[in-house]
Amino acid sequence: MNNRRDFLKISSALALGTLLKPQSLWAEKMAKKPIGIQLYSLREAMRDDPQNTLRYVSSIGYKNLETASYSEGKVYGMDPVFFRKYIENLGMKLKSAHVGGPRTYDPAKKGEALDWWKKAVEDHKTMGAKYLIKPSMPIPTTLKELDAWIDYYNSIGEIAKKSGMLFGFHNHAREFEAIEGKIMMDYMIENTDPKLVCFELDVYWSQKGGQDPVAYLERYGGRFPVLHIKDEEEIGASGTMDFEAIFKAAYKQGMKDYYVEVERYNFEPIESVKRSFDFLNSAAYVK
């Protein structure tokens, strides 16, 4: 997609005042449903002009944010205090963050790795985040390797808990493959401490990995306080995702927040995230 075209569309909307509605009008719209967005959905626009892009996101009606940018103590180039004030002035909150952490994990250097996470927890607490989510990991070849990662995640979870946050892991399709006869995702859920580690079920990647997201939510109820709501392109576009059943099962097992994530598009990205919001906002089963 042409990120310059997206950028110009945002700029034009700002110039015309369509993003500068009186607070009472767009706050009323936003209050209807706490629909969240993973800002990776607008990755190029967030890279090129994060502040105006956030204003566009707020004008659509998104209420909760999940970030995907943390480097050297800043998020999208903004320090934590500024970022929190900026989004709160737009009527939004940072509820969750995707934070990768050190690229690799060496158990012999666990202390060094945990020091990195201590800083990440501190910065994200300043921004008001409740969840700190690791978005991916290398796929181990043995359960012994996976056990080392599980120990690491429990330790990060202890750090997060001390600050009133919850550490979690986000799946792709590969986590539903078997390692020594055990489904990796199942093994992680069953062996992490539920008081320290949660999971953000990406319903699209679950289905792509051969697992019915509804059945998964029912099997491990209570372990998924946050979800990624995703489709092949815009939410509801493919007709292959049973979002009504997913939301009903998610609420029943204790979902607190959910985030739209759009990775592939039929339209310009900013239009795709708007259509995704409209789909969920008009769905009677979405609270």
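Values below: all heavy atoms of this structure, side chains included; hydrogens, waters and symmetry mates excluded.
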State, yes or no, whether a side-chain contact exists between Phe279 and Glu234 at a heavy-atom distance under 4.5 Å. no
Can you name the closest pair of heavy atoms from Thr53 and Ala45 and give their distance? OG1-O, 3.1 Å
What is the minimum heavy-atom distance between Met92 and Leu54, and which atoms define it? CE-O, 3.5 Å
Kindly indicate whether the side chain of Val286, heavy atoms from C-beta on, has any atom under 4.5 Å from the side chain of Asn281. no
Could you go through the salt bridge (Lys or Arg N to Asp or Glu O under 4.0 Å) check for Lys119 and Asp115 one step at a time? CA-CA 7 Å; Lys119 171 63 173 169; Asp115 284 343; over 6 Å; no
Taking the inter-plane angle between the rings of Phe277 and Tyr62 on a 0 to 90° scale, is it parallel (under 30°), tilted (30 to 60°) or perpendicular (over 60°)? perpendicular
Scan for salt bridge (Lys or Arg N to Asp or Glu O under 4.0 Å) pairs involving residues 69-86, sequence neighbours excluded, and state none if there are none. Arg84-Glu88
Carefully, step by step, assess Ser136 and His172 under the rule side chain to side chain contact (heavy atoms under 4.5 Å, CB included). CA-CA 7 Å; Ser136 63; His172 290 86; 4.0 Å; yes
Roughly how far, to the nearest 0.5 Å, is OG of Ser282 from NZ of Lys33? 6.5 Å
Go through the side-chain N and O atoms of Asn64 and Tyr258 and say whether any donor and acceptor fall under 3.5 Å apart. no
Distance-only donor-acceptor check, side chains Arg223 and Thr192, under 3.5 Å: yes
Ignoring hydrogens, what is the shortest heavy-atom contact between Ile270 and Tyr56? Give both atom names and the distance. O-OH, 3.1 Å
Side chains of Gln207 and Asp212: do they bring a donor and an acceptor to under 3.5 Å? no
Check whether any side-chain heavy atom of Phe224 sits under 4.5 Å from a side-chain heavy atom of Gln253, and report yes or no. yes
May I ask whether Tyr259 and Phe247 are part of the same hydrophobic cluster, defined by side-chain heavy atoms of I, L, V, M, F, W, Y residues being less than 4.5 angstrom apart, directly or through others? no
For the backbone of Val226 and the side chain of Asp257, can you confirm whether one donor and one acceptor N or O come within less than 3.5 Å of each other? no
Is there a side-chain contact between Pro269 and Glu44 in this structure, where contact means two heavy atoms from C-beta onward sitting under 4.5 Å apart? no
Before we go on, tell me: are the rings of Phe176 and Tyr216 under 6.0 Å apart, centre to centre? yes
Could you tell me whether the side chain of Lys95 and the main chain of Leu65 form a donor-acceptor pair under 3.5 Å? no
Using a 6.0 Å distance limit plus a 45 degree cone around the ring axis, check whether Arg275 lies over the aromatic ring of Phe267. yes
I'd like to know if the side chain of Tyr105 and the backbone of Pro138 have a donor-acceptor N/O pair within less than 3.5 Å. no
From CD1 (Ile37) to CG (Leu280), nearest 0.5 Å: 11.0 Å
Donor-acceptor pair, distance only, cut-off 3.5 Å: does the side chain of Glu271 make one with the backbone of Glu268? no
If the threshold is 4.0 Å, N to carboxylate O, is there a salt bridge linking Asp186 and Lys182? no
Locate the shortest heavy-atom distance separating Pro140 from Ile179; write the atom from each residue and the value. O-CD1, 3.4 Å
Would you mind telling me which of Glu232, Glu177, Glu263 makes a salt bridge (Lys or Arg N to Asp or Glu O under 4.0 Å) with Lys208? Glu232
Report the distance from atom CG of Leu227 to atom CZ of Phe199, rounding to the nearest 0.5 Å. 13.0 Å
4.5 Å side-chain heavy-atom contact, Met184 and Leu146: yes
Honestly, is Lys287 close enough over Tyr251, meaning NZ or CZ under 6.0 Å from the six-membered ring centre and within 45° of the axis? yes
Side chains of His170 and His98: is there a donor and an acceptor less than 3.5 Å apart? no
Tell me yes or no: between the side chains of Asp49 and Asn52, is some donor less than 3.5 Å from an acceptor? yes
Straight-line distance of Tyr220 OH to Cys198 SG, nearest 0.5 Å: 15.5 Å
Which pair of non-hydrogen atoms, one from Val197 and one from Leu166, has the smallest distance, and what is that distance? N-CD1, 4.3 Å
Is it the case that the side chain of Asp231 and the backbone of Glu233 share a donor-acceptor pair, with hydrogens and angles ignored and the cut-off at 3.5 Å? no
Donor-acceptor under 3.5 Å (Lys125 side chain, Met165 main chain): no
Are Glu261 and Ser41 linked by a side-chain donor-acceptor pair shorter than 3.5 Å? no
Do the side-chain N and O atoms of Thr126 and Glu122 include a donor-acceptor pair separated by under 3.5 angstrom? no
Partner set under side-chain hydrogen bond (donor to acceptor under 3.5 Å, both in side chains) for Trp149, not counting sequence neighbours: none
Hydrophobic cluster identity match, Leu114 and Val99, side-chain contacts under 4.5 Å: yes
Between Asn171 and Asp202, is there a donor-acceptor pair closer than 3.5 Å when you use the side chain of the first and the backbone of the second? yes
Could you check whether Phe167 and Trp117 have their ring centres less than 6.0 Å apart? yes
Distance from Leu217 atom CG to Lys248 atom NZ, nearest 0.5 Å? 14.5 Å
Quick one: are Tyr187 and Asp147 in side-chain contact, heavy atoms under 4.5 Å? yes
In the structure I gave you, are the side-chain heavy atoms of Tyr76 and Gln51 within less than 4.5 Å of one another anywhere? no
Test log, rule salt bridge (Lys or Arg N to Asp or Glu O under 4.0 Å), inputs Lys162 and Glu158: CA-CA 6 Å; Lys162 289 177 182 177; Glu158 289 179 350; 5.9 Å; no
Go through the side-chain N and O atoms of Ser96 and Glu66 and say whether any donor and acceptor fall under 3.5 Å apart. yes
Rounded to the nearest 0.5 Å, what's the gap from CE on Met188 to CD1 on Ile183? Could you check? 13.0 Å
Residues Val260, Gln38; criterion side chain to side chain contact (heavy atoms under 4.5 Å, CB included); working and verdict: CA-CA 6 Å; Val260 166; Gln38 163 53 256; over 6 Å; no
Using a strict 4.0 Å threshold on nitrogen-to-oxygen distance, state whether Asp151 and Lys110 make a salt bridge. yes
State plainly whether one hydrophobic cluster holds both Ile87 and Phe82, where clusters connect Ile, Leu, Val, Met, Phe, Trp and Tyr through side-chain heavy atoms under 4.5 angstrom apart. yes
Ile229 reachable from Val262 in the ILVMFWY side-chain graph, under 4.5 Å edges: yes
Shortest non-hydrogen contact from Ala97 toward Thr67: CB-OG1, 3.2 Å
Measure from the side-chain N and O atoms of Lys256 to the backbone N and O of Pro225, and report whether any donor-acceptor pair falls under 3.5 Å. no
Ring-ring centroid check Tyr70 His124, cutoff 6.0 Å: yes
Is the closest side-chain heavy-atom distance between Val203 and His228 below 4.5 Å? no
Would you find a donor on one side and an acceptor on the other, under 3.5 Å apart, between the side chain of Ser206 and the backbone of Gln211? yes
Should we say atom NZ of Lys134 is surrounded by more than 12 heavy atoms from elsewhere, each under 6.0 Å from it? yes
Distance-only, no hydrogens or angles: does the Tyr131 side chain make a donor-acceptor pair with backbone N or O of Gly168 under 3.5 Å? no
